[in-house]
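Right, one structure below, let's go through it.
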Amino acid sequence: MNDRDGTPAAPRGERLGLLQRRLADFAAARGWEPYHTPKNLAVALSVEAAELVEIFQWLTPEQSAKVMEKPETAHRVADEVADVLAYLLQFCEVLGVDVLDALAAKIERNELRFPVAGEPTPNRHSSE
């Protein structure tokens, strides 16, 4: 059985890999691989993230919390999220980064750096 997007039904980790492969195949079929350099993909990712931010730019916190209640805005948010994820997956594919392993490792480092209980840690931001 296939999901809505035509990707065979599979556990999430496998599905992510299948989607990543579809993106690579899509680019290859159109001869876009020479343009899918780490720099170009990072720039495209940044542009798509900015388009997502633009949806929320002038909303109050309360309005932003309800953005998915309006079909027209929900559709825009979902499209931009998809664009961000697509470029991130392509970026990871080109550089050989396993996105799920990278995320798991980052969460683990943050859990060590920012413990819930115990000695206070220096005031640090998660981007450090």
Side-chain angles (χ1 to χ4, degrees):
M1 175 176 228
N2 287 348
D3 289 332
R4 276 185 291 155
D5 60 9
T7 303
R12 281 194 189 264
E14 290 178 35
R15 185 165 178 232
L16 191 64
L18 291 170
L19 290 169
Q20 200 166 18
R21 183 78 254 139
R22 280 182 68 192
L23 288 166
D25 291 346
F26 182 90
R30 287 153 183 82
W32 293 349
E33 291 156 314
Y35 308 104
H36 283 197
T37 64
K39 181 204 72 90
N40 288 350
L41 291 168
V43 169
L45 174 60
S46 175
V47 169
E48 294 302 337
E51 290 179 9
L52 179 60
V53 169
E54 184 180 31
I55 297 167
F56 295 90
Q57 185 173 9
W58 303 113
L59 300 181
T60 65
E62 295 76 22
Q63 290 169 323
S64 70
K66 296 179 181 179
V67 75
M68 297 307 283
E69 293 175 8
K70 295 180 180 177
E72 65 277 2
T73 351
H75 178 71
R76 286 181 61 212
V77 168
D79 272 357
E80 296 307 335
V81 166
D83 288 342
V84 168
L85 182 58
Y87 279 115
L88 178 61
L89 291 175
Q90 290 173 88
F91 179 81
C92 289
E93 176 79 15
V94 166
L95 290 178
V97 174
D98 183 305
V99 69
L100 296 178
D101 286 348
L103 178 58
K106 182 65 175 186
I107 292 169
E108 194 170 307
R109 284 193 307 277
N110 283 342
E111 287 170 342
L112 293 172
R113 289 178 60 206
F114 305 103
V116 174
E119 282 189 31
T121 57
N123 191 3
R124 297 165 107 177
H125 188 272
S126 61
S127 66
E128 293 179 1

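Owing to the predicted nature of the structure, the values given are computational and were not obtained by experimental measurement. All heavy atoms count here, side chains included; hydrogens, waters and symmetry mates do not.
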Distance (rounded to the nearest 0.5 Å) between Lys39 NZ and Thr37 OG1: 5.5 Å
ILVMFWY cluster, Leu85 and Leu23 together (side-chain gap under 4.5 Å): yes
Interatomic spacing from NZ in Lys106 to CZ in Arg113 - rounded to 0.5 Å: 6.0 Å
Residues clustering with Leu103 (ILVMFWY side chains joined when closer than 4.5 Å, directly or via others): Ile107
Report all side-chain donor-acceptor pairs from residues 65-77 shorter than 3.5 Å, counting only partners two or more places apart or in another chain.
{"from": "His75", "atom 1": "NE2", "to": "Asp79", "atom 2": "OD2", "distance (Å)": "3.2"}

Transitive ILVMFWY side-chain link Phe56 to Val81, under 4.5 Å: yes
N/O donor-acceptor pairs under 3.5 Å from side chains in residues 88-101, not counting sequence neighbours:
{"from": "Gln90", "atom 1": "OE1", "to": "His36", "atom 2": "ND1", "distance (Å)": "3.3"}
{"from": "Gln90", "atom 1": "NE2", "to": "Ala86", "atom 2": "O", "distance (Å)": "3.1"}
{"from": "Asp98", "atom 1": "OD1", "to": "Leu100", "atom 2": "N", "distance (Å)": "3.0"}
{"from": "Asp98", "atom 1": "OD1", "to": "Asp101", "atom 2": "N", "distance (Å)": "2.8"}

Nearest non-hydrogen partners of Ser64 and Pro61, listed with the distance: OG-O, 2.8 Å
Residue Tyr35 excluded, over 12 heavy atoms near OH under 6.0 Å: no
Test: Arg30 cationic atom under 6.0 Å from Phe26 six-membered ring centre, within 45° of axis: yes
Heavy-atom closest pair, residues Ile55 and Glu80: CD1-CG, 3.9 Å
